[in-house]
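Encoded as C-alpha cells, here's the structure I'll be asking about.
What you see is a predicted model; the values in this text were computed from it and never measured.
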Amino acid sequence: MSILNVLLRPDQLLVAVDTWAEDALTQKPSVGAKLLLIPQHNLVLASRGSAQFFLKIYELCLRASFRADFTMEQLMAELGLVMDHLWPDYIRAAAEAGIAGDILHSELVLGGWSPKNGRMVATVYAKDADGGPARVQPLDGGVASPGEPLRGRPDSFELRAVLEAGRLQAAYLNESVGRSVAGGRLLVAVL
C-alpha cells in the first residue's frame, strides 16, 4: 500500500514516502527506499505500490539519464509508455509466483527542476491490475495518496506538518486494511 505525498511550487518540490515494505507472497515485513534520486539532473522518482516494478522503472530512468541528449521533459513524456510496455511482463511474473493480480498496482511520481520551464515540475503515473493504459497526470500543487485522512488540512512544506501527514496516512491505511501495510520511517526529499 504505502503513502506518497508530493508538494509542488515553482521553486520547491517535496516528496515523502514511508519505508514499510512486505514480501508479496509471505507478507513478511521489511523496509524499502521508495524514493530515489537522479542527482545529476536534480530529479526524484518515488513510488507507492510494487517495489519490484519501481526498481525496474528507476533502473531504466537512471540509464536514460546518462544519454547526452537527456531531458526530463522527454523522460516524463516516455515514462507512461514504458510502464505500459513493462506491465504485462510484471503481471505475468507475479502470476507465475502465485501473487494475486488484483493487488498489483503502481503509482510513481517523477519530478524536479525543469531548465526548459524554469521551475519545478512533477508528473504522477499510475498502473493497476486492469491492464489499461497508464494514467498520466502533470501536477499543479501536489498530490497525497491516500488523500482521505488529509482532507481539510492545509498543505505545508514544514517538516512537522509533513511528518504528521505521513503518520495520519499510515494510521488510516493500516486501519482500513486491518493490518500493517504502511509505516516505518518517512523518507522526504526536498529539491
Side-chain angles (χ1 to χ4, degrees), residues 1-21 31-51 53-55 57-58 61-62 65 71-80 83 105-128 134-177 181-191:
M1 285 276 181
S2 300
I3 64 171
L4 174 61
N5 292 335
V6 181
L7 294 174
L8 176 67
R9 61 185 188 207
D11 65 332
Q12 192 171 22
L13 172 69
L14 181 144
V15 180
V17 297
D18 67 324
T19 59
W20 180 270
V31 295
K34 297 175 259 179
L35 181 150
L36 297 167
L37 301 174
I38 303 174
Q40 72 272 28
H41 295 289
N42 206 19
L43 300 177
V44 63
L45 182 69
S47 173
R48 176 177 189 253
S50 169
F53 191 71
F54 168 62
L55 291 173
I57 293 292
Y58 176 71
C61 290
L62 194 58
S65 76
T71 66
M72 75 174 299
E73 290 79 15
Q74 185 64 33
L75 181 58
M76 286 180 157
E78 294 174 358
L79 193 55
M83 290 174 72
H105 72 283
S106 182
E107 293 176 46
L108 302 174
V109 64
L110 176 63
W113 181 256
S114 168
K116 178 182 176 184
N117 294 301
R119 64 181 173 88
M120 292 289 181
V121 297
T123 301
V124 174
Y125 307 84
K127 287 289 288 181
D128 52 38
R135 294 178 302 284
V136 179
Q137 178 65 50
L139 293 181
D140 180 26
V143 67
S145 189
E148 293 86 345
L150 303 183
R151 290 189 199 279
R153 293 177 53 93
D155 291 340
S156 175
F157 282 82
E158 294 297 320
L159 183 57
R160 186 181 320 260
V162 172
L163 292 172
E164 178 63 11
R167 188 193 65 72
L168 289 171
Q169 289 172 292
Y172 171 83
L173 278 174
N174 293 339
E175 184 177 319
S176 297
V177 175
V181 294
R185 295 181 181 203
L186 192 68
L187 296 178
V188 180
V190 179
L191 302 178

Item to complete: Look up atom CD1 in Ile3 and atom CD in Gln169, then write down how far apart they are to the nearest 0.5 Å.
Response: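 Here the rounded value is 4.5 Å.
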Item to complete: Indicate yes or no: at least one non-hydrogen side-chain atom of Pro138 is less than 4.5 angstrom from one of Val121.
Response: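 They are not in side-chain contact.
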Worksheet item: Taking atom OH of Tyr58 and atom CG of Leu35, what is their separation to the nearest 0.5 Å?
Response: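 Result: 10.0 Å between the selected atoms.
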Worksheet item: In Å, rounded to the nearest 0.5 Å, how long is the span from NZ of Lys116 to CE of Met72?
Response: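 So the NZ of Lys116 and the CE of Met72 are separated by 11.0 Å.
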Worksheet item: Is there side-chain contact between Leu45 and Phe54, with heavy atoms separated by less than 4.5 Å?
Response: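 In short, these two side chains touch, coming nearer than 4.5 Å.
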Worksheet item: For the atom pair CZ (Arg9) and CZ (Arg119), what is the distance rounded to the nearest 0.5 Å?
Response: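 The CZ atom of Arg9 sits 14.0 Å away from the CZ atom of Arg119.
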Worksheet item: Between Asn5 and Ser145, what is the shortest heavy-atom contact and its length?
Response: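 Residues Asn5 and Ser145, closest heavy atoms: OD1-N, 3.8 Å.
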Worksheet item: Do other residues, nucleotides or ligands put more than 12 heavy atoms under 6.0 Å from Gln40 CD?
Response: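 Enclosed: over 12 neighbouring heavy atoms sit under 6.0 Å from CD of Gln40.
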Worksheet item: Should Asn174 and Val181 count as side-chain neighbours, where that means a heavy-atom distance under 4.5 Å?
Response: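 A side-chain contact under 4.5 Å exists here.
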Practice prompt. Please tell me if the side chains of Val15 and Leu187 come closer than 4.5 Å, counting only heavy atoms from C-beta onward.
Written response: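 They are not in contact (no side-chain heavy atoms under 4.5 Å apart), so the answer is no.
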Discussion item. Looking at Gln137 and Val124, would you say the former's side chain and the latter's main chain have a donor-acceptor pair under 3.5 Å?
Written reply: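 Not confirmed, Gln137 side chain does not pair with Val124 backbone.
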Discussion item. To the closest 0.5 Å, what do you measure between CG (Leu43) and CG (Leu37)?
Written reply: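 Spacing of CG (Leu43) from CG (Leu37) equals 9.0 Å.
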Practice prompt. Identify the two heavy atoms, one from Met120 and one from Asn42, that lie closest to each other, and give their separation to 0.1 Å.
Written response: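 Heavy atoms of Met120 and Asn42 come nearest at CE-ND2, 4.3 Å.
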Practice prompt. Identify the heavy atoms of Ser106 and Ser47 that sit nearest to each other, and give their distance.
Written response: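 Taking Ser106 first and Ser47 second, the nearest heavy atoms are OG-OG, 4.4 Å.
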Discussion item. Tell me every residue that passes side-chain contact (heavy atoms from CB on, under 4.5 Å) with Ala21, counting only those two or more places apart in sequence or in another chain.
Written reply: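 side-chain contact (heavy atoms from CB on, under 4.5 Å) list for Ala21, sorted by chain: Ser30.
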Worksheet item: Closest approach of Ala16 and Val162, non-hydrogen atoms and distance?
Response: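 Closest heavy-atom pair between Ala16 and Val162: CB-CG1, 4.1 Å.
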Item to complete: Taking atom CG of Asp140 as the centre, report whether more than 12 heavy atoms of other residues, nucleotides or ligands fall under 6.0 Å from it.
Response: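 Atom CG in Asp140 is not crowded, with 12 or fewer foreign heavy atoms closer than 6.0 Å.
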In residues 108-115, what donor-acceptor pairs under 3.5 Å come from side-chain atoms, sequence neighbours left out?
from   : atom 1 : to     : atom 2 : distance (Å)
Ser114 : OG     : Glu73  : OE2    : 2.3
Ser114 : OG     : Asn117 : N      : 3.1
Ser114 : OG     : Asn117 : ND2    : 2.9

Fill in: Any donor-acceptor pair under 3.5 Å from Tyr125 side chain to Met76 backbone
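Yes: the side chain of Tyr125 pairs with the backbone of Met76.
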Worksheet item: Given side chains that start at C-beta, do those of Arg153 and Leu168 come closer than 4.5 Å, heavy atoms only?
Response: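 Yes. Closest side-chain heavy atoms under 4.5 Å.
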Worksheet item: Only one of Arg167, Lys34, Arg185 clears salt bridge (charged side-chain N to carboxylate O under 4.0 Å, His left out) with Asp18; which?
Response: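 Among Arg167, Lys34, Arg185, the one that satisfies the salt bridge (charged side-chain N to carboxylate O under 4.0 Å, His left out) with Asp18 is Lys34.
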Item to complete: Find the distance between CG (Leu75) and CD1 (Ile38) and round it off to the nearest 0.5 Å.
Response: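 Result: 6.0 Å between the selected atoms.
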Worksheet item: After noting the C-alpha distance and the side-chain angles of Gln12 and Val190, does the key distance pass the side-chain contact (heavy atoms from CB on, under 4.5 Å) rule?
Response: CA-CA 7 Å; Gln12 192 171 22; Val190 179; 3.1 Å; yes
Fill in: Closest approach of Leu79 to Cys61 (non-hydrogen atoms, all atoms of both residues)
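Nearest pair, atom of Leu79 first, then Cys61: CD1-SG, 3.9 Å.
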Practice prompt. Please name the pair of heavy atoms, one in Leu150 and one in Ala144, separated by the smallest distance, quoted to 0.1 Å.
Written response: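 Result for this residue pair: CD1-CB, 3.7 Å.
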Practice prompt. Before giving the answer on side-chain contact (heavy atoms from CB on, under 4.5 Å), spell out for Leu191 and Val44 the whole-Å C-alpha distance, their side-chain angles and the decisive distance to 0.1 Å.
Written response: CA-CA 8 Å; Leu191 302 178; Val44 63; 4.2 Å; yes
